[in-house]
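The figures that follow rest on heavy atoms only: side chains count, while hydrogens, waters and symmetry mates do not. Chain letters run A, B, ... following the sequence lines, proteins first and then strands; every chain starts at 1.
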Amino acid sequence: MLDINLIRQDPETVRQALLKRNVSVDFTELLQWDSERRELMKKGDDLRARRNKASDEIPAMKRRGEDVSAVLSEMKAVSDQIKDIESRLSDIEMKIKQFMDGLPNIPDDDVPAGGKECNTVVRVWGEQPKFDFEPKDHMELAVSLGLVDYERGAKLGGSGFWVYTGLGARLEWALLNYFVQDHIKNGYEFLLPPHILTYECGYTAGQFPKFEEDVFHLKADEGRGFQQFLLPTAETALVNLHRNEIIPESELPKRYFAYTPCYRREAGSYRTQERGMIRGHQFNKVELFQYTKPEDSSDALEELVARAEALVQGLGLHYRVSKLAAEDISASMAKTYDIEVWIPSINEYKEVSSASNARDYQARRGAIRFRREDTGKTEFVHTLNASGLATSRLFPAILEQNQQADGSVVVPEVLREIVGTDVIR
RNA sequence: GGAGAGAUGGCUGAGUUGGUCGAAAGCGCUCGACUCGAAAUCGAGUAGGCGGUUCCCGCCUCCUGGGUUCGAAUCCCAGUCUCUCCGCCA
(Lines give C-alpha, C1' and ligand atoms only; values in the text may rest on other atoms or scores of the structure.)
Protein backbone atom coordinates (compact mmCIF):
# COMPACT_ATOMS: atom_id res chain seq x y z
CA MET A 1 0.00 0.00 0.00
CA LEU A 2 1.38 3.38 -0.98
CA ASP A 3 0.87 6.49 1.09
CA ILE A 4 -2.08 8.33 -0.40
CA ASN A 5 -0.63 11.57 0.93
CA LEU A 6 2.31 11.11 -1.38
CA ILE A 7 -0.03 10.80 -4.35
CA ARG A 8 -2.04 13.77 -3.18
CA GLN A 9 1.02 15.96 -2.84
CA ASP A 10 2.93 14.93 -5.91
CA PRO A 11 1.02 12.61 -8.21
CA GLU A 12 3.36 13.16 -11.14
CA THR A 13 6.44 11.93 -9.28
CA VAL A 14 4.63 8.79 -8.19
CA ARG A 15 3.34 8.26 -11.72
CA GLN A 16 6.85 8.53 -13.13
CA ALA A 17 8.21 6.14 -10.53
CA LEU A 18 5.61 3.50 -11.36
CA LEU A 19 6.31 3.98 -15.03
CA LYS A 20 9.69 2.38 -14.31
CA ARG A 21 7.76 -0.83 -13.67
CA ASN A 22 5.84 -0.28 -16.86
CA VAL A 23 2.76 0.45 -14.79
CA SER A 24 0.92 3.43 -16.17
CA VAL A 25 -1.57 4.97 -13.81
CA ASP A 26 -3.84 7.93 -13.98
CA PHE A 27 -4.52 9.42 -10.58
CA THR A 28 -7.19 11.88 -11.71
CA GLU A 29 -10.08 9.71 -10.65
CA LEU A 30 -8.43 8.66 -7.40
CA LEU A 31 -7.77 12.25 -6.39
CA GLN A 32 -11.35 13.10 -7.14
CA TRP A 33 -12.57 10.25 -4.95
CA ASP A 34 -10.12 11.33 -2.29
CA SER A 35 -11.40 14.88 -2.07
CA GLU A 36 -14.96 13.63 -2.24
CA ARG A 37 -14.14 11.29 0.60
CA ARG A 38 -12.83 14.05 2.79
CA GLU A 39 -15.80 16.22 2.00
CA LEU A 40 -18.19 13.47 3.03
CA MET A 41 -16.17 12.82 6.15
CA LYS A 42 -16.38 16.43 7.17
CA LYS A 43 -20.11 16.50 6.58
CA GLY A 44 -20.64 13.30 8.49
CA ASP A 45 -18.44 14.42 11.36
CA ASP A 46 -20.33 17.69 11.67
CA LEU A 47 -23.66 15.89 11.74
CA ARG A 48 -22.38 13.44 14.29
CA ALA A 49 -21.07 16.27 16.42
CA ARG A 50 -24.56 17.74 16.38
CA ARG A 51 -26.10 14.45 17.30
CA ASN A 52 -23.62 13.90 20.10
CA LYS A 53 -24.44 17.29 21.52
CA ALA A 54 -28.15 16.57 21.37
CA SER A 55 -27.58 13.24 23.07
CA ASP A 56 -26.04 15.14 25.94
CA GLU A 57 -28.91 17.55 26.12
CA ILE A 58 -31.82 15.17 25.82
CA PRO A 59 -31.46 13.53 29.24
CA ALA A 60 -30.94 16.97 30.83
CA MET A 61 -34.10 18.28 29.20
CA LYS A 62 -35.98 15.22 30.33
CA ARG A 63 -34.88 15.78 33.87
CA ARG A 64 -36.18 19.31 33.73
CA GLY A 65 -39.43 17.91 32.41
CA GLU A 66 -39.15 19.67 29.08
CA ASP A 67 -40.68 18.35 25.89
CA VAL A 68 -38.07 16.58 23.77
CA SER A 69 -40.22 15.41 20.89
CA ALA A 70 -39.08 18.20 18.57
CA VAL A 71 -35.41 17.39 19.19
CA LEU A 72 -36.08 13.70 18.73
CA SER A 73 -37.65 14.11 15.35
CA GLU A 74 -34.93 16.50 14.28
CA MET A 75 -32.29 14.01 15.36
CA LYS A 76 -34.14 11.28 13.55
CA ALA A 77 -33.64 13.27 10.38
CA VAL A 78 -30.00 13.90 11.22
CA SER A 79 -29.44 10.19 11.76
CA ASP A 80 -30.96 9.42 8.39
CA GLN A 81 -28.61 11.90 6.78
CA ILE A 82 -25.67 10.33 8.59
CA LYS A 83 -26.67 6.91 7.33
CA ASP A 84 -26.89 8.21 3.80
CA ILE A 85 -23.49 9.84 4.01
CA GLU A 86 -21.97 6.75 5.57
CA SER A 87 -23.14 4.51 2.79
CA ARG A 88 -21.82 6.91 0.15
CA LEU A 89 -18.58 7.13 2.09
CA SER A 90 -18.13 3.38 2.30
CA ASP A 91 -18.72 3.07 -1.44
CA ILE A 92 -16.08 5.61 -2.18
CA GLU A 93 -13.65 4.19 0.34
CA MET A 94 -14.02 0.79 -1.24
CA LYS A 95 -13.18 2.26 -4.62
CA ILE A 96 -10.16 4.01 -3.18
CA LYS A 97 -8.97 0.87 -1.43
CA GLN A 98 -9.38 -1.19 -4.56
CA PHE A 99 -7.36 1.32 -6.52
CA MET A 100 -4.66 1.56 -3.87
CA ASP A 101 -4.47 -2.22 -3.45
CA GLY A 102 -3.68 -2.52 -7.12
CA LEU A 103 -0.70 -0.18 -7.01
CA PRO A 104 2.71 -1.82 -6.70
CA ASN A 105 5.50 -0.40 -4.57
CA ILE A 106 7.61 2.49 -5.79
CA PRO A 107 11.01 1.22 -6.90
CA ASP A 108 14.08 2.68 -5.21
CA ASP A 109 15.90 5.41 -7.12
CA ASP A 110 18.83 3.15 -7.95
CA VAL A 111 16.61 0.45 -9.44
CA PRO A 112 16.83 0.45 -13.23
CA ALA A 113 13.65 0.68 -15.27
CA GLY A 114 12.61 -2.13 -17.57
CA GLY A 115 12.16 -5.89 -17.53
CA LYS A 116 14.37 -8.94 -16.89
CA GLU A 117 16.73 -7.94 -19.67
CA CYS A 118 17.63 -4.85 -17.66
CA ASN A 119 18.69 -6.80 -14.58
CA THR A 120 22.28 -6.03 -13.78
CA VAL A 121 24.84 -8.46 -12.42
CA VAL A 122 26.53 -6.79 -9.48
CA ARG A 123 28.93 -9.58 -8.46
CA VAL A 124 30.07 -12.99 -9.54
CA TRP A 125 31.62 -15.47 -7.14
CA GLY A 126 33.74 -18.43 -8.16
CA GLU A 127 33.96 -19.84 -11.63
CA GLN A 128 31.94 -22.19 -13.75
CA PRO A 129 33.34 -25.66 -13.19
CA LYS A 130 34.86 -27.22 -16.29
CA PHE A 131 34.13 -30.86 -17.03
CA ASP A 132 36.48 -33.07 -19.00
CA PHE A 133 33.63 -35.53 -19.45
CA GLU A 134 30.01 -35.30 -20.55
CA PRO A 135 28.23 -33.87 -17.51
CA LYS A 136 24.80 -35.23 -16.56
CA ASP A 137 21.83 -33.15 -15.57
CA HIS A 138 20.59 -33.19 -12.02
CA MET A 139 17.61 -35.44 -12.74
CA GLU A 140 19.80 -38.10 -14.22
CA LEU A 141 22.17 -37.85 -11.28
CA ALA A 142 19.42 -37.77 -8.68
CA VAL A 143 17.76 -40.84 -10.13
CA SER A 144 20.91 -42.84 -10.75
CA LEU A 145 22.20 -42.11 -7.25
CA GLY A 146 18.82 -42.85 -5.69
CA LEU A 147 18.41 -39.41 -4.19
CA VAL A 148 15.03 -38.43 -5.56
CA ASP A 149 12.04 -40.51 -6.65
CA TYR A 150 10.09 -38.51 -9.19
CA GLU A 151 7.67 -41.22 -10.22
CA ARG A 152 6.51 -42.03 -6.75
CA GLY A 153 6.37 -38.31 -5.98
CA ALA A 154 3.87 -37.91 -8.78
CA LYS A 155 2.02 -40.98 -7.56
CA LEU A 156 1.63 -39.34 -4.16
CA GLY A 157 1.09 -35.68 -4.94
CA GLY A 158 0.57 -35.51 -8.66
CA SER A 159 2.70 -33.73 -11.22
CA GLY A 160 5.26 -31.38 -9.77
CA PHE A 161 6.00 -33.32 -6.62
CA TRP A 162 8.89 -35.58 -5.75
CA VAL A 163 10.15 -37.69 -2.87
CA TYR A 164 13.61 -37.27 -1.41
CA THR A 165 14.97 -40.70 -0.65
CA GLY A 166 17.89 -42.05 1.30
CA LEU A 167 20.99 -39.92 0.93
CA GLY A 168 18.88 -37.43 -1.01
CA ALA A 169 16.70 -36.81 2.03
CA ARG A 170 19.81 -36.55 4.14
CA LEU A 171 21.39 -34.08 1.74
CA GLU A 172 18.24 -31.97 1.79
CA TRP A 173 18.10 -32.11 5.57
CA ALA A 174 21.78 -31.28 5.83
CA LEU A 175 21.25 -28.16 3.77
CA LEU A 176 18.39 -26.97 5.95
CA ASN A 177 20.34 -27.72 9.09
CA TYR A 178 23.35 -25.85 7.78
CA PHE A 179 21.22 -22.76 7.16
CA VAL A 180 19.53 -22.96 10.52
CA GLN A 181 22.80 -23.28 12.42
CA ASP A 182 24.30 -20.37 10.54
CA HIS A 183 21.39 -18.04 11.26
CA ILE A 184 21.30 -18.97 14.91
CA LYS A 185 25.01 -18.20 15.07
CA ASN A 186 24.34 -14.79 13.56
CA GLY A 187 21.74 -13.82 16.10
CA TYR A 188 18.53 -14.32 14.15
CA GLU A 189 15.58 -15.67 16.12
CA PHE A 190 14.36 -19.06 14.91
CA LEU A 191 10.61 -19.41 14.26
CA LEU A 192 8.50 -22.29 13.06
CA PRO A 193 5.19 -20.73 11.98
CA PRO A 194 1.95 -22.36 10.88
CA HIS A 195 1.87 -23.35 7.22
CA ILE A 196 -1.81 -22.56 6.95
CA LEU A 197 -2.58 -18.87 7.04
CA THR A 198 -5.63 -16.65 6.98
CA TYR A 199 -6.62 -14.40 4.12
CA GLU A 200 -5.52 -11.35 6.08
CA CYS A 201 -1.94 -12.64 6.08
CA GLY A 202 -1.93 -12.83 2.33
CA TYR A 203 -3.27 -9.33 2.09
CA THR A 204 -0.59 -7.83 4.33
CA ALA A 205 2.18 -9.58 2.45
CA GLY A 206 0.80 -8.14 -0.77
CA GLN A 207 -0.14 -11.46 -2.36
CA PHE A 208 -3.85 -10.78 -2.18
CA PRO A 209 -6.07 -9.77 -3.80
CA LYS A 210 -3.96 -9.68 -6.96
CA PHE A 211 -2.25 -13.06 -6.83
CA GLU A 212 -4.86 -15.25 -5.18
CA GLU A 213 -4.55 -17.82 -7.96
CA ASP A 214 -0.91 -18.54 -7.14
CA VAL A 215 -1.55 -20.26 -3.84
CA PHE A 216 -3.30 -23.42 -2.68
CA HIS A 217 -6.55 -22.51 -0.99
CA LEU A 218 -8.16 -24.68 1.62
CA LYS A 219 -11.84 -25.31 1.35
CA ALA A 220 -13.63 -23.11 3.83
CA ASP A 221 -15.62 -24.94 6.47
CA GLU A 222 -19.35 -24.50 6.69
CA GLY A 223 -20.15 -21.19 8.31
CA ARG A 224 -16.54 -20.10 8.43
CA GLY A 225 -16.14 -16.49 7.46
CA PHE A 226 -12.78 -16.71 5.77
CA GLN A 227 -10.62 -18.97 3.72
CA GLN A 228 -7.18 -20.20 4.59
CA PHE A 229 -4.33 -21.07 2.30
CA LEU A 230 -1.01 -22.87 2.31
CA LEU A 231 1.81 -20.39 2.56
CA PRO A 232 3.81 -19.85 -0.65
CA THR A 233 6.78 -18.64 1.41
CA ALA A 234 7.53 -18.15 5.10
CA GLU A 235 7.68 -14.44 4.36
CA THR A 236 3.91 -14.43 4.34
CA ALA A 237 3.90 -15.68 7.91
CA LEU A 238 6.81 -13.59 9.15
CA VAL A 239 5.47 -10.27 7.92
CA ASN A 240 2.24 -10.93 9.78
CA LEU A 241 3.89 -11.73 13.08
CA HIS A 242 3.64 -8.12 14.20
CA ARG A 243 0.58 -7.14 12.23
CA ASN A 244 -1.47 -4.49 14.03
CA GLU A 245 1.25 -3.94 16.56
CA ILE A 246 3.30 -1.02 17.73
CA ILE A 247 6.84 -2.23 18.34
CA PRO A 248 8.99 -0.37 20.88
CA GLU A 249 11.83 1.39 19.07
CA SER A 250 14.39 -0.31 21.29
CA GLU A 251 13.37 -3.72 19.93
CA LEU A 252 14.25 -2.79 16.36
CA PRO A 253 15.67 -4.19 14.25
CA LYS A 254 13.93 -7.52 14.72
CA ARG A 255 15.78 -10.32 12.98
CA TYR A 256 13.90 -13.57 12.41
CA PHE A 257 14.29 -16.66 10.34
CA ALA A 258 11.94 -19.53 9.73
CA TYR A 259 11.97 -22.84 8.01
CA THR A 260 8.87 -23.91 6.10
CA PRO A 261 8.04 -25.80 2.98
CA CYS A 262 6.63 -23.45 0.35
CA TYR A 263 3.50 -24.41 -1.54
CA ARG A 264 2.84 -22.90 -4.94
CA ARG A 265 0.41 -23.66 -7.69
CA GLU A 266 2.78 -22.54 -10.43
CA ALA A 267 -0.18 -22.79 -12.78
CA GLY A 268 0.89 -22.84 -16.37
CA SER A 269 4.48 -22.00 -15.65
CA TYR A 270 5.97 -25.39 -16.44
CA ARG A 271 8.77 -25.36 -18.93
CA THR A 272 10.47 -28.51 -20.08
CA GLN A 273 13.79 -26.92 -19.24
CA GLU A 274 12.65 -26.63 -15.70
CA ARG A 275 11.89 -30.26 -15.13
CA GLY A 276 13.37 -31.96 -12.14
CA MET A 277 13.26 -29.86 -9.04
CA ILE A 278 13.80 -26.45 -10.53
CA ARG A 279 10.12 -25.62 -10.20
CA GLY A 280 7.78 -27.71 -8.10
CA HIS A 281 4.59 -27.23 -6.13
CA GLN A 282 6.38 -27.75 -2.86
CA PHE A 283 9.93 -26.91 -1.91
CA ASN A 284 11.89 -26.25 1.23
CA LYS A 285 13.14 -22.85 2.16
CA VAL A 286 14.64 -21.07 5.11
CA GLU A 287 13.60 -17.45 5.13
CA LEU A 288 15.30 -14.46 6.72
CA PHE A 289 13.19 -11.52 7.77
CA GLN A 290 13.80 -8.14 9.35
CA TYR A 291 11.69 -5.35 10.75
CA THR A 292 13.72 -2.12 10.82
CA LYS A 293 13.42 1.60 11.25
CA PRO A 294 13.05 3.40 7.92
CA GLU A 295 16.56 4.84 8.02
CA ASP A 296 18.09 1.39 8.57
CA SER A 297 16.43 -0.67 5.88
CA SER A 298 18.89 0.02 3.06
CA ASP A 299 21.78 -1.30 5.14
CA ALA A 300 19.65 -4.19 6.32
CA LEU A 301 19.07 -5.29 2.74
CA GLU A 302 22.83 -5.44 2.13
CA GLU A 303 23.21 -7.41 5.35
CA LEU A 304 20.60 -9.93 4.24
CA VAL A 305 22.23 -10.41 0.87
CA ALA A 306 25.57 -10.90 2.58
CA ARG A 307 24.06 -13.55 4.86
CA ALA A 308 22.57 -15.45 1.95
CA GLU A 309 25.76 -15.18 -0.07
CA ALA A 310 27.83 -16.50 2.80
CA LEU A 311 25.73 -19.65 2.76
CA VAL A 312 26.23 -20.27 -0.95
CA GLN A 313 29.94 -19.60 -0.55
CA GLY A 314 30.04 -22.09 2.29
CA LEU A 315 28.75 -24.68 -0.15
CA GLY A 316 31.44 -23.73 -2.63
CA LEU A 317 28.99 -23.10 -5.45
CA HIS A 318 29.56 -20.71 -8.30
CA TYR A 319 26.92 -17.97 -8.27
CA ARG A 320 26.19 -14.39 -9.16
CA VAL A 321 24.19 -11.58 -7.61
CA SER A 322 21.81 -9.55 -9.74
CA LYS A 323 20.01 -6.36 -9.01
CA LEU A 324 16.56 -6.71 -10.49
CA ALA A 325 15.07 -4.17 -12.84
CA ALA A 326 11.81 -2.56 -11.83
CA GLU A 327 9.46 -4.78 -13.84
CA ASP A 328 11.06 -7.95 -12.47
CA ILE A 329 10.57 -6.96 -8.84
CA SER A 330 7.48 -8.32 -7.15
CA ALA A 331 4.73 -5.83 -6.52
CA SER A 332 5.29 -5.33 -2.80
CA MET A 333 8.99 -4.64 -3.08
CA ALA A 334 11.02 -1.51 -3.72
CA LYS A 335 14.32 -3.22 -4.46
CA THR A 336 15.41 -6.80 -4.93
CA TYR A 337 18.68 -8.67 -5.31
CA ASP A 338 18.66 -12.21 -6.61
CA ILE A 339 21.39 -14.69 -5.83
CA GLU A 340 21.59 -17.15 -8.67
CA VAL A 341 23.54 -20.38 -8.86
CA TRP A 342 24.76 -21.79 -12.07
CA ILE A 343 23.00 -24.91 -13.32
CA PRO A 344 25.37 -26.46 -15.89
CA SER A 345 22.80 -28.61 -17.71
CA ILE A 346 20.70 -25.67 -18.80
CA ASN A 347 23.60 -23.23 -18.70
CA GLU A 348 21.54 -20.79 -16.72
CA TYR A 349 21.78 -19.04 -13.42
CA LYS A 350 18.80 -19.92 -11.24
CA GLU A 351 17.55 -18.02 -8.25
CA VAL A 352 18.33 -19.56 -4.87
CA SER A 353 17.68 -16.43 -2.92
CA SER A 354 15.74 -13.29 -3.44
CA ALA A 355 16.42 -10.47 -1.01
CA SER A 356 14.04 -7.56 -0.98
CA ASN A 357 13.24 -4.36 0.80
CA ALA A 358 9.51 -3.67 0.97
CA ARG A 359 10.10 -0.33 2.70
CA ASP A 360 6.77 0.58 4.35
CA TYR A 361 4.54 -1.05 1.72
CA GLN A 362 3.72 -4.17 3.71
CA ALA A 363 3.79 -2.31 7.02
CA ARG A 364 1.01 -0.05 5.77
CA ARG A 365 -1.10 -2.98 4.68
CA GLY A 366 -0.63 -4.68 8.02
CA ALA A 367 -0.46 -1.60 10.26
CA ILE A 368 2.95 -2.55 11.60
CA ARG A 369 4.40 0.43 13.42
CA PHE A 370 6.97 1.45 15.97
CA ARG A 371 7.05 4.34 18.38
CA ARG A 372 9.94 6.73 17.88
CA GLU A 373 11.29 7.69 21.28
CA ASP A 374 12.42 11.18 20.24
CA THR A 375 9.05 12.29 19.02
CA GLY A 376 6.71 9.87 20.77
CA LYS A 377 5.00 9.35 17.43
CA THR A 378 4.27 6.09 15.68
CA GLU A 379 5.75 5.40 12.26
CA PHE A 380 5.54 2.47 9.91
CA VAL A 381 8.44 0.04 10.10
CA HIS A 382 10.26 -1.24 7.06
CA THR A 383 10.11 -4.94 6.30
CA LEU A 384 12.70 -6.98 4.45
CA ASN A 385 13.02 -10.60 3.52
CA ALA A 386 15.60 -12.86 1.94
CA SER A 387 15.66 -16.53 1.25
CA GLY A 388 18.44 -18.03 3.19
CA LEU A 389 18.15 -20.26 1.25
CA ALA A 390 15.81 -22.25 -0.98
CA THR A 391 17.01 -25.82 -1.37
CA SER A 392 15.22 -26.79 -4.54
CA ARG A 393 17.72 -24.99 -6.76
CA LEU A 394 20.74 -25.67 -4.61
CA PHE A 395 20.23 -29.40 -4.62
CA PRO A 396 20.47 -29.56 -8.43
CA ALA A 397 23.34 -27.09 -8.41
CA ILE A 398 25.29 -29.22 -5.95
CA LEU A 399 24.68 -32.39 -7.96
CA GLU A 400 25.59 -30.81 -11.24
CA GLN A 401 28.49 -28.59 -10.18
CA ASN A 402 30.06 -31.27 -7.98
CA GLN A 403 29.63 -34.30 -10.22
CA GLN A 404 32.61 -36.39 -11.23
CA ALA A 405 33.43 -38.45 -14.26
CA ASP A 406 32.27 -41.69 -12.61
CA GLY A 407 28.81 -40.25 -11.90
CA SER A 408 29.46 -39.65 -8.22
CA VAL A 409 28.92 -36.34 -6.45
CA VAL A 410 31.22 -34.67 -3.95
CA VAL A 411 29.35 -33.54 -0.87
CA PRO A 412 30.17 -29.99 0.29
CA GLU A 413 32.13 -30.18 3.49
CA VAL A 414 29.60 -28.34 5.65
CA LEU A 415 27.00 -31.00 4.86
CA ARG A 416 29.08 -34.11 5.37
CA GLU A 417 28.25 -34.77 8.98
CA ILE A 418 24.55 -35.17 8.32
CA VAL A 419 24.85 -36.75 4.90
CA GLY A 420 27.29 -39.20 6.41
CA THR A 421 29.68 -39.44 3.48
CA ASP A 422 32.15 -37.32 1.51
CA VAL A 423 31.04 -38.60 -1.83
CA ILE A 424 27.67 -39.87 -2.96
CA ARG A 425 28.09 -42.72 -5.38
C1' G B 1 -17.02 -33.68 18.20
C1' G B 2 -20.42 -32.35 22.92
C1' A B 3 -21.38 -28.70 27.12
C1' G B 4 -20.42 -24.07 29.35
C1' A B 5 -17.90 -19.18 30.30
C1' G B 6 -15.80 -15.01 28.32
C1' A B 7 -13.42 -10.91 24.87
C1' U B 8 -13.12 -3.38 27.86
C1' G B 9 -6.87 1.14 27.72
C1' G B 10 0.52 -1.38 28.57
C1' C B 11 -1.60 -5.00 32.49
C1' U B 12 -5.51 -6.38 36.29
C1' G B 13 -10.41 -5.15 36.29
C1' A B 14 -15.43 -2.15 37.10
C1' G B 15 -19.40 -0.87 34.08
C1' U B 16 -24.65 -5.07 30.99
C1' U B 17 -32.64 -2.10 34.13
C1' G B 18 -29.41 2.03 26.89
C1' G B 19 -27.89 8.83 27.79
C1' U B 20 -23.46 12.89 32.27
C1' C B 21 -18.66 6.38 29.63
C1' G B 22 -13.07 6.65 25.45
C1' A B 23 -14.53 4.49 30.01
C1' A B 24 -13.94 3.91 37.63
C1' A B 25 -10.18 1.86 40.58
C1' G B 26 -5.53 -0.45 41.13
C1' C B 27 -0.83 -1.71 38.94
C1' G B 28 2.87 -0.30 35.50
C1' C B 29 5.31 3.67 32.90
C1' U B 30 6.85 9.11 32.22
C1' C B 31 7.71 13.93 34.33
C1' G B 32 7.90 16.99 38.75
C1' A B 33 8.27 17.74 44.32
C1' C B 34 10.69 15.80 48.70
C1' U B 35 16.03 13.39 49.30
C1' C B 36 23.18 13.56 49.42
C1' G B 37 20.92 9.53 46.56
C1' A B 38 17.24 5.80 46.61
C1' A B 39 12.75 3.70 48.61
C1' A B 40 8.24 5.38 50.49
C1' U B 41 4.97 9.51 49.90
C1' C B 42 2.58 13.55 47.20
C1' G B 43 1.23 16.08 42.42
C1' A B 44 0.63 15.88 37.07
C1' G B 45 0.50 13.04 32.74
C1' U B 46 -0.01 8.28 30.22
C1' A B 47 -4.42 4.35 23.65
C1' G B 48 -4.79 4.24 18.34
C1' G B 49 -6.63 6.28 13.88
C1' C B 50 -8.99 9.92 10.61
C1' G B 51 -10.43 14.92 9.12
C1' G B 52 -10.08 20.18 9.60
C1' U B 53 -9.70 26.94 9.76
C1' U B 54 -3.60 22.21 12.67
C1' C B 55 0.34 25.17 19.64
C1' C B 56 -6.51 24.22 18.78
C1' C B 57 -11.25 21.78 17.28
C1' G B 58 -14.24 17.69 15.61
C1' C B 59 -15.12 12.56 14.50
C1' C B 60 -14.32 7.16 14.90
C1' U B 61 -12.71 2.82 17.71
C1' C B 62 -14.83 -0.98 24.58
C1' C B 63 -13.04 -8.55 19.51
C1' U B 64 -15.09 -7.97 14.07
C1' G B 65 -19.32 -6.97 10.84
C1' G B 66 -24.49 -5.88 10.50
C1' G B 67 -29.19 -4.31 13.04
C1' U B 68 -32.69 -1.71 16.67
C1' U B 69 -32.82 3.47 18.68
C1' C B 70 -33.01 10.48 18.78
C1' G B 71 -28.80 8.00 21.39
C1' A B 72 -25.31 1.41 22.12
C1' A B 73 -19.38 -0.88 25.88
C1' U B 74 -24.55 -1.85 27.45
C1' C B 75 -30.16 -4.63 23.52
C1' C B 76 -30.64 -8.16 18.85
C1' C B 77 -28.21 -11.20 14.77
C1' A B 78 -23.88 -13.33 12.40
C1' G B 79 -18.69 -14.31 12.60
C1' U B 80 -13.74 -14.73 14.93
C1' C B 81 -10.84 -15.79 19.03
C1' U B 82 -9.76 -17.40 24.18
C1' C B 83 -10.62 -20.36 28.56
C1' U B 84 -12.87 -24.69 31.42
C1' C B 85 -15.02 -29.67 31.42
C1' C B 86 -16.10 -34.32 28.62
C1' G B 87 -14.88 -37.34 24.30
C1' C B 88 -11.19 -38.41 20.55
C1' C B 89 -6.21 -38.13 19.14
C1' A B 90 -0.11 -37.47 17.10
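Taking 4.0 angstrom as the limit, Arg50(A) places none of its side-chain polar atoms (N or O) nearer than this to OP1 or OP2 of G58(B). Put simply, Asn52(A) has a side-chain N or O that comes within less than 4.0 Å of OP1 or OP2 on C60(B). Contact annotation: Lys83(A) side-chain N/O to G71(B) OP1/OP2 distance is not under 4.0 Å. Taking only side-chain nitrogens and oxygens, Arg369(A) comes nearer than 4.0 Å to OP1 or OP2 of G49(B). OP1 or OP2 of G71(B) has at least one side-chain nitrogen or oxygen of Arg51(A) nearer than 4.0 Å. Taking 4.0 angstrom as the limit, Arg48(A) places none of its side-chain polar atoms (N or O) nearer than this to OP1 or OP2 of C70(B).
Interatomic distance, Ile7(A) CD1 to Phe99(A) CZ, rounded to the nearest 0.5 Å: 7.0 Å. Rounding to the nearest 0.5 Å places CG of Leu2(A) at 6.0 Å from OH of Tyr361(A). Atom CD in Glu302(A) sits 4.0 Å away from atom OH in Tyr337(A) (nearest 0.5 Å).
Rounded to a whole angstrom, the distance from the C1' atom of U74(B) to that of C21(B) is 10 Å. When the C1' atom is used for both G48(B) and U53(B), the distance is 25 Å, rounded to whole Å. Across G79(B) and C70(B), the matching P atoms stand 28 Å from one another, rounded to whole Å. For the P atoms, the distance linking U46(B) with A7(B) amounts to 26 Å, nearest Å. For the C1' atom pair drawn from C75(B) and U16(B), the interatomic distance equals 9 Å after rounding to whole Å. Comparing C55(B) with U68(B), their C1' atoms are spaced 43 Å from each other, to the whole Å. G49(B) sits 16 Å from G9(B) when the P atoms are compared, rounded to a whole Å. Comparing the C1' positions of G1(B) and G71(B) gives an interatomic distance of 43 Å, to the nearest angstrom.
One interatomic measurement links the two molecules: CG of Leu47(A) to C1' of C70(B), which rounds to 14 Å at whole-angstrom precision. The separation between Asn244(A) atom CG and U61(B) atom P is 17 Å, rounded to whole Å. At whole-Å resolution of the value, CG in Leu40(A) and P in C50(B) are 18 Å apart. Straight-line distance from the CZ atom of Arg38(A) to the P atom of U53(B): 9 Å, rounded to whole Å. What separates NZ of Lys53(A) from P of U20(B) is a distance of 16 Å, to the nearest Å. Straight-line distance from the CZ atom of Arg372(A) to the P atom of G48(B): 16 Å, rounded to whole Å. One atom, CZ of Arg243(A), and another, P of G48(B), lie 20 Å apart when rounded to the nearest Å. In this structure, CD of Glu86(A) is placed 14 Å from C1' of C50(B), rounded to the nearest angstrom.
Taking for each of Ser79(A) and Lys62(A) the nucleotide of RNA chain B with the nearest heavy atom, the 5'-most of the two is the partner of Lys62(A). Nearer the 5' end of RNA chain B, as judged by each residue's closest nucleotide, is the contact made by Arg37(A), out of Ala77(A) and Arg37(A).
The residue Ala54(A) sits apart from the nucleic acid: no heavy atom pair falls under 4.0 Å. Among the heavy atoms of the strands, none lies under 4.0 Å from Arg364(A). The residue Thr378(A) sits close only to the backbone: its heavy atoms come under 4.0 Å of sugar-phosphate atoms, none of a base. If you check every strand for non-hydrogen atoms under 4.0 Å, Asp46(A) touches nothing.
A ring-centre distance under 6.0 Å is found for Phe395(A) and Tyr164(A). In this structure, the ring of Phe257(A) has its center no less than 6.0 angstrom from the ring center of Tyr259(A).
When distances are taken from the side chain of Arg371(A) to each of G58(B), G19(B), G48(B), the shortest belongs to G48(B). Listed nucleotides: G51(B), G48(B), C70(B). Nearest to the side chain of Ile246(A): G48(B).
Looking at Asn105(A), its side chain does come within 3.5 Å of a backbone N or O of Ser332(A) through a donor-acceptor pair.
Between Lys293(A) and the options Glu379(A), His382(A), Glu249(A), a side chain to side chain donor-acceptor pair (under 3.5 Å) holds for only Glu249(A).
Looking at residues two or more places apart in sequence or on another chain, you find a ring-ring contact (aromatic ring centres under 6.0 Å, His included) between Tyr256(A) and His242(A).
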**OP:** For RNA chain B, just give me the dot-bracket, please: Watson-Crick or G-U, both distances below 3.5 Å, ( ) intra-strand, [ ] crossing earlier pairs, | paired with another strand, . unpaired.
**Re:** ((((((((.[[[..)...(.....]]]((((((.......))))))((((((...)))))).[[[[[..)....]]]]])))))))....
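Counting non-hydrogen atoms of neighbouring residues, nucleotides and ligands closer than 6.0 angstrom, the CG atom of Asp109(A) reaches no more than 12 such neighbours.
A donor-acceptor contact under 3.5 Å is not formed by the side chain of Lys42(A) with the base of G58(B).
A donor-acceptor pair shorter than 3.5 Å can be found between the side chains of Gln16(A) and Glu12(A).
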